Structure formats: structure tokens, C-alpha cells
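Some notes on the structure that comes next.
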Amino acid sequence: MFYIDIFFKHVWNILPYLKTTFLVAAITFLVSVLLGGLIASGMLGKNKPGQMLAKAYVNLMRCVPPIVLLFIVYYGAPYLVSSLFHKDINGLDAIYFAIISLSLLHGASFAEMMRGAYLAVGKGQEEAALSIGLTKWQAFYRIIFPQAFVVALPILGNSIIGLLKDGALAYSIGVVDITGRAQYLISMNLGGYVLETYLALALIYWILSSITQKAFGALERRLQKG
Amino acid sequence: MLKITDVHKAFGDNEVLKGVSIEVEKGDVVAVLGPSGSGKTTLLRSINFLERADKGRLQFDDIDVDLKNASKADIKKIRKKTAFVFQNYNLFANKTALQNVTEGLIIGRKVPKAEAAERAKKALDKVGLSERYDYYPGQLSGGQQQRVGIARAIAVNPDIILFDEPTSALDPELIGEVLNVMKELAKEGTTMIVVTHEMQFAQDVTNKVIFMDGGKVVEEGTPKDIFTHPKEERTKQFLRRVIPNYDYSI
């Protein structure tokens, strides 16, 4: 028996926790962009050790399942911090650990995306910019970045959806986002209405992903030139 | 005006330039000829530091620098005096024809926007693109794109324009429109170095021809010298191969 009224009630009950889901996704996104940019510039730079380090990092992250990394960070980070700085961070809100591990993970895939987009623009664009008197930095932000951004858009849209969905794992270390809330509702009902609850949760993720996808599609069409 | 001496450049084990020296006077139109792989493009790119030579000296008016160790400030000075026209045009794909030309003025040379637009329009009019200001490179033909490339170069008022095989990527029927623009510039006294495979252009428009092979200058002289009385066997061989029915003994 499927209780449609419970389904809708649970959608309603879960919705307020979108706040946490968005918070995790937004901060993870920002940190991933910064970390990804750093790693991408390492991979593209002339510095050999920098290149190797960046590549090793990306490879390492590619090989770890998200949930495994989440637990490693959750249990490992306090250990690391206490042995290095003699500070106890065990009491820190789980949301921090979730953001750190998701950023570590997505920073690597963002780096790959940025590297690919940068290379797709082509060396000639930079050379032309230098030849008319722009500095390397001006060439980057005025000529290369705007083009690389358009190249990266479709992948970026996907990455953001992936990041949003990976956030669901955070419930496993106790973050109460929409997935955490759904788990809570199930346990409040002593394991009842499981299907109603998960479908309610899925519906919310589906709407979020669709909106993201549509938004990026629209942005892509707008920025397409020539 | 411009003198480069003993330029060496290797990519890994491949020695592309083995001590090349050339000299250009104001108003010169110099053609650099030679088979592919002879180092002509690398030489041209070394002049404005798109390629960093391993050795060599560059004298440009009052600037005198070592090509290998030139400072950022020197490079900037030299790039301000030169402009480059690329084989593949390399127009900024995210900018319109007009913006392609104003970019170097507004950002590279700090020209006020209104004045830059004015100068850019003049440059585009000159290459026959007064109807195409707001077109993106993707909406232009190859010949039109290259003409925007030339407008971009002339707009910054360089002392010398470096052309790197400007017509090699073009359909045969579009080559003429680009060469005509270059002829026009030559007539007005623009100093240019042109790496090219267009023998007719080299013969008719330039006042100096440099023939390179294997990373060295084999022979140089007036177009007449090179095309009708080449001294070196290698030059004769090359001309026989690239010019149909060529007979240097005439």
C-alpha cells in the first residue's frame, strides 16, 4: 500500500532542510573551484614537481569512493589535527567534515574540467593577445577564461549536479540535510513509509537537478557566440 | 631599424635555427622564403618573443637585448613596437571584429575607448570590412578573418608587422583579397617581414628576399637577385621546385 498523502507530507517535511543541502553544496562548490584552479594551474604549469603533485592528487581522488573519503576525513582529520597542532576538533560540527571531503573530491574533477577547457581554447589565442601587448594575466582573464568557461559549461552543469547529489552521503556522518531529514523521518516512523519517504526525497533531488540542468542549458545558449 | 644577430633555437634535439642574422630598414618589405622546416616561422616568432631563442641579439632602434635573457620590460617594449599576423588568424573567438581590433588599443596600450573605436573602425575600413564590425570570427570567411587579423595589427601603429604565412590557411580564391591588402600596406611604406610561399608576391611587392634552409640564411638580396640570378645551388633548386616552368638563366 502506497500512501500518497504521506508522500506529500514528507516532501513538505523535508523541504526546510534544503537550507543545509544548499549550504554544503555552495561552500563545496566554492572551495572546489579554488582548489581545482590551483591544481589545474599545477598540471598546466612548467614546474615539474608541481605537475607531478597535481596529477598524483587527481589520480588519488579518482580512485577513492566518496563515502570512503568521507569517513577517512571524518575520523582522520581530528587525528591529524590533534597530532600536528594538539587541538581537539572532535566536537566540530559534522558539516565541516562533509564540506572538506566533498571539496577534496570535487576539487580534483574540477581541475580536470578546467585543464580540458583551457587546452581546448588553444595556444594561438594567448599568443595573439601577447602580440598586441596584453600581459599574460590580461590574456587569461580577457581572452582565454571567457572562452574556456563556455567550453566547460556543459561539464560544469553536470559537476554541480554531481556535487549536489554526493552531498546526500553527508547524512552518514550525521549531517541533517534533506537526506538526513528523510532518514530521521523513517526512524521516527519506526521504519515505516520507507518508499514514500525516499520517493519524496528523490522528487526533491530530481527537481533540483532539472533546474540546474535547465539553467546551464540557457546560459550555454546565451554565451554561444558566432 | 631592426637587426637580429646569430639567432639559435632548438626544440629538444631538433636545431631549428643555427645562427641566423637579418637586418631590416624602415620601409623595407622583406620576404622570407624557404622549404617547410627551414626555421622561417621560428625566426619570426623569436623577434617578438612568442618563442624564446637560445641565443642571439636583437637591436631595435634604441633597444639592444639578448634574446635569451631579455627582461619582461624589454619584451613588453619590443611587443609594443611590433605586431604579428598569424597563419591561423588567431582572432579572439569571444570578441567581434571591432573588439578584436580595439583590444590591443584599450588594454594593451591604454588608448581611451572612444579613440580606440575610432582607430579600429579606420583599420577595418582600410582592409575592406566596414560592413563587418559586429561580426564574430565564426561568422566570417577565412579571408575576412585574416583581414581582421591585419586590421588588428595595423591599428596599434607598430613600427614593423610580422606576417607568418598569412595566406597558407586560405582557400586559393581568398588569397588574393589578403595579398591585396598587404600590397596596399607595402605601398604606404609599412615595414613588414613576410614569411610566405607566395612567390609572385615576394617577387612583385618586396624589396628584399631572404632564402632560408636548414636553419640558416642561404642567400639574400633583391627580388631580382634571388629570382633571376640566384647564386646558390640550393636556392636554384628550391625555385625550380616551387615555380612552374622556372628558368633562372633568363
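Reminder, nothing fancy here: chain letters follow the sequence lines and each chain counts from 1. On a predicted model such as this, the values are computed, not experimentally measured, just so you know.
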Is atom [atom1] of [X] surrounded by more than 12 heavy atoms (other residues, nucleotides or ligands) closer than 6.0 Å?
X: A:Y141; atom1: OH; value: yes
X: B:E188; atom1: CD; value: yes
X: A:Y96; atom1: OH; value: no
X: B:E131; atom1: CD; value: no
X: A:K55; atom1: NZ; value: no

Problem set entry | N/O donor-acceptor pair under 3.5 Å between B:N94 side chain and A:V150 backbone |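 Not a single qualifying donor-acceptor pair exists.
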Exercise. Under 4.5 Å, heavy atom to heavy atom, which residues of residues 157-172 of chain B contact chain A?
Worked result: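 Residues of residues 157-172 of chain B touching chain A at under 4.5 Å: none.
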Problem set entry | Per-residue contacts, residues 97-127 of chain B versus chain A, heavy atoms under 4.5 Å |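 At a heavy-atom separation under 4.5 Å, chain A is reached by B:E103, B:G104, B:I107, B:G108, B:R109, B:K110.
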For this session: Enter the distance from A:I143:CD1 to B:L91:CG here, rounded to the nearest 0.5 Å.
Result: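 Between atom CD1 of A:I143 and atom CG of B:L91 there are 10.5 Å.
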For this session: Measure the spacing between NZ of B:K76 and CG of A:L130 and express it to the nearest 0.5 Å.
Result: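 The CG atom of A:L130 is 11.5 Å from NZ of B:K76, to the nearest 0.5 Å.
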Problem set entry | Residue B:N88 versus chain A: region with a heavy atom under 4.5 Å |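 For B:N88, no heavy atom lies under 4.5 Å from chain A.
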For this session: Heavy-atom pairs under 4.5 Å with chain A are the metric here; pick the option from B:K72, B:R79, B:R45 that has the most.
Result: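 The answer is B:R79.
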For this session: Look at A:P146, A:G133, A:S131 and state which one has the largest set of heavy-atom pairs under 4.5 Å with chain B.
Result: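 Among A:P146, A:G133, A:S131, the one with the most close pairs to chain B is A:S131.
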For this session: Might you work through the side chain to side chain contact (heavy atoms under 4.5 Å, CB included) test for A:I132 and B:F92, ending with a clear yes or no?
Result: CA-CA 12 Å; A:I132 53 165; B:F92 306 131; 3.7 Å; yes
Problem set entry | Heavy-atom closest pair, residues A:Q125 and B:A93 |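 Here A:Q125 and B:A93 meet closest at OE1-N, 3.5 Å.
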Exercise. Measuring heavy-atom distances to chain B, does A:E127 have an atom under 4.5 Å in its side chain, in its backbone, in both, or in neither?
Worked result: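 Both the backbone and the side chain of A:E127 come within 4.5 Å of chain B.
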